[in-house]
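These notes concern the structure reproduced below.
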Amino acid sequence: MGREVAESCIDSLLTEMVSSYCNHFYANKPELAARRIEAIGYQVGHQLSERYTMERPRFSDHLEAIKFICKDFWSELFKKQIDNLKTNHRGTFVLQDNRFRWLSRMSPEPSLENVDSQDPSENKAAQATSMHLYFPCGIIRGALSNLGIPCAVSADISNLPACEYI
């Protein structure tokens, strides 16, 4: 039987990590905080994909590896599969989770929809929400890197709690 951790512990850990990097360690350097959070996610994703693929043969192509991320890897992390996978057939994939657990408790305030607003409090709310996405982006990038797919991963949260990873 594998070891498991309560979801609330992971949620609290993510919240504290983002808070610590954004408000304490790199309070005046949000781009550096984002890179550090993403780097931690990268390491986690790399190690988890190593663990989850130990007894599998190597994937023969990129699509097979992406399907593994959408089905098996995501199921191990979030107890559900990715809701939708899209591709342009030129190497770009979009993974959509319609109810991303780590964003489900964040409120879809009008301020998050209007990132171009001049009100600093609105931009700060959007930035705080987006900071929580650097970790899962890093997890995906690390997992794909371990599977032999170097990539860049970004996230879109225009419709909370849905999230798209590109």
Side-chain angles (χ1 to χ4, degrees), residues 2 4-15 17-18 34-35 37-116 122 125-166:
E4 294 187 15
V5 176
E7 289 180 17
S8 61
C9 292
I10 299 297
D11 292 346
S12 296
L13 180 65
L14 177 62
T15 301
M17 178 181 62
V18 170
R35 279 191 299 185
I37 293 167
E38 198 268 348
I40 294 168
Y42 177 90
Q43 188 66 35
V44 170
H46 196 274
Q47 291 175 352
L48 286 175
S49 69
E50 183 72 29
R51 175 179 289 176
Y52 298 153
T53 59
M54 274 182 2
E55 297 175 7
R56 289 177 170 252
R58 281 306 257 187
F59 297 110
S60 59
D61 65 354
H62 287 9
L63 183 58
E64 202 175 304
I66 296 291
K67 286 181 180 179
F68 164 77
I69 295 295
C70 293
K71 292 180 179 180
D72 302 326
F73 188 80
W74 211 257
S75 293
E76 287 289 332
L77 288 177
F78 300 110
K79 308 296 183 233
K80 69 185 267 318
Q81 294 181 4
I82 283 285
D83 294 309
N84 196 1
L85 170 63
K86 300 177 205 171
T87 182
N88 66 356
H89 300 287
R90 285 178 262 163
T92 301
F93 295 91
V94 178
L95 288 68
Q96 182 176 358
D97 188 332
N98 293 330
R99 186 148 176 81
F100 186 55
R101 191 183 83 206
W102 290 345
L103 296 178
S104 64
R105 291 181 185 88
M106 294 186 179
S107 64
E109 298 174 19
S111 61
L112 295 178
E113 297 169 5
N114 203 1
V115 177
D116 296 328
E122 290 181 4
Q127 183 181 17
T129 301
S130 68
M131 280 298 195
H132 282 80
L133 295 174
Y134 285 104
F135 186 68
C137 285
I139 289 175
I140 295 168
R141 190 172 73 85
L144 289 171
S145 175
N146 187 51
L147 299 175
I149 304 173
C151 62
V153 178
S154 61
D156 175 36
I157 54 166
S158 53
N159 190 18
L160 282 177
C163 186
E164 289 186 348
Y165 295 96
I166 306 162

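Using a 4.5 Å heavy-atom threshold, the side chains of Tyr165 and Val94 count as separate. Using a 4.5 Å cut-off on side-chain heavy atoms (C-beta onward), Gln43 and Ile40 make no contact. Inter-residue side-chain proximity for Ile37 and Val18 is flagged as met; some heavy-atom pair is nearer than 4.5 Å. Annotation: side chain of Leu48 is in contact with side chain of Leu77 (closest heavy-atom distance under 4.5 Å). Inter-residue side-chain proximity for Leu147 and Phe68 is flagged as met; some heavy-atom pair is nearer than 4.5 Å. Under the 4.5 Å side-chain criterion, counting only non-hydrogen atoms from C-beta, Pro136 is in contact with Phe100.
Atom OG in Ser130 sits 6.0 Å away from atom CD1 in Ile157 (nearest 0.5 Å). We find the OG-CG distance between Ser49 and Asn146 to be 3.5 Å, quoted to the nearest 0.5 Å. Atom CE of residue Met17 and atom NE2 of residue His132 lie 8.5 Å apart, to the nearest 0.5 angstrom. Interatomic distance, Ile140 CD1 to Ile82 CD1, rounded to the nearest 0.5 Å: 6.5 Å. Expressed to the nearest 0.5 Å, how far SG of Cys151 lies from CZ of Phe93 amounts to 10.5 Å. Note: Glu64 CD to Arg58 CZ = 11.5 Å, rounded to the nearest 0.5 Å.
Minimum heavy-atom separation, Ser145 to Tyr42: OG-OH, 2.8 Å. The heavy-atom pair separating Leu103 from Cys163 by the smallest distance is CD1-CB, 4.2 Å.
Note on Glu38 versus Arg141: salt bridge recorded, some NZ/NE/NH1/NH2 to OD/OE distance being below 4.0 Å. Between Lys80 and Asp97, at least one side-chain nitrogen of the basic residue sits less than 4.0 Å from a carboxylate oxygen of the acidic one, meeting the salt-bridge criterion. Salt-bridge check for Arg56 with Asp72: passed, with a basic side-chain N closer than 4.0 Å to an acidic carboxylate O.
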- Message: Apply side-chain hydrogen bond (donor to acceptor under 3.5 Å, both in side chains) to residues Asn98 and Gln96 and explain how you reach the verdict.
- Response: CA-CA 6 Å; Asn98 293 330; Gln96 182 176 358; 2.8 Å; yes
- Task: With side-chain contact (heavy atoms from CB on, under 4.5 Å) as the test, would you mind laying out the steps for Asp156 and Leu133 before giving the verdict?
- Result: CA-CA 9 Å; Asp156 175 36; Leu133 295 174; over 6 Å; no
- Task: I would like to know whether Leu95 and Ile69 meet side-chain contact (heavy atoms from CB on, under 4.5 Å); could you show each step before the answer?
- Result: CA-CA 9 Å; Leu95 288 68; Ile69 295 295; 4.0 Å; yes
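Aromatic ring pairs are classed by plane angle as parallel below 30°, tilted from 30° to 60° and perpendicular above 60°; the pair Phe78 and Trp102 is perpendicular. Ring-plane geometry between Phe73 and Tyr52 is classed as perpendicular, the angle between the planes exceeding 60 degrees on a 0 to 90 degree scale with a lower cut at 30.
In terms of modelled atom types and a separation under 3.5 Å, the side chain of Ser75 and the main chain of Lys71 share a donor-acceptor contact.
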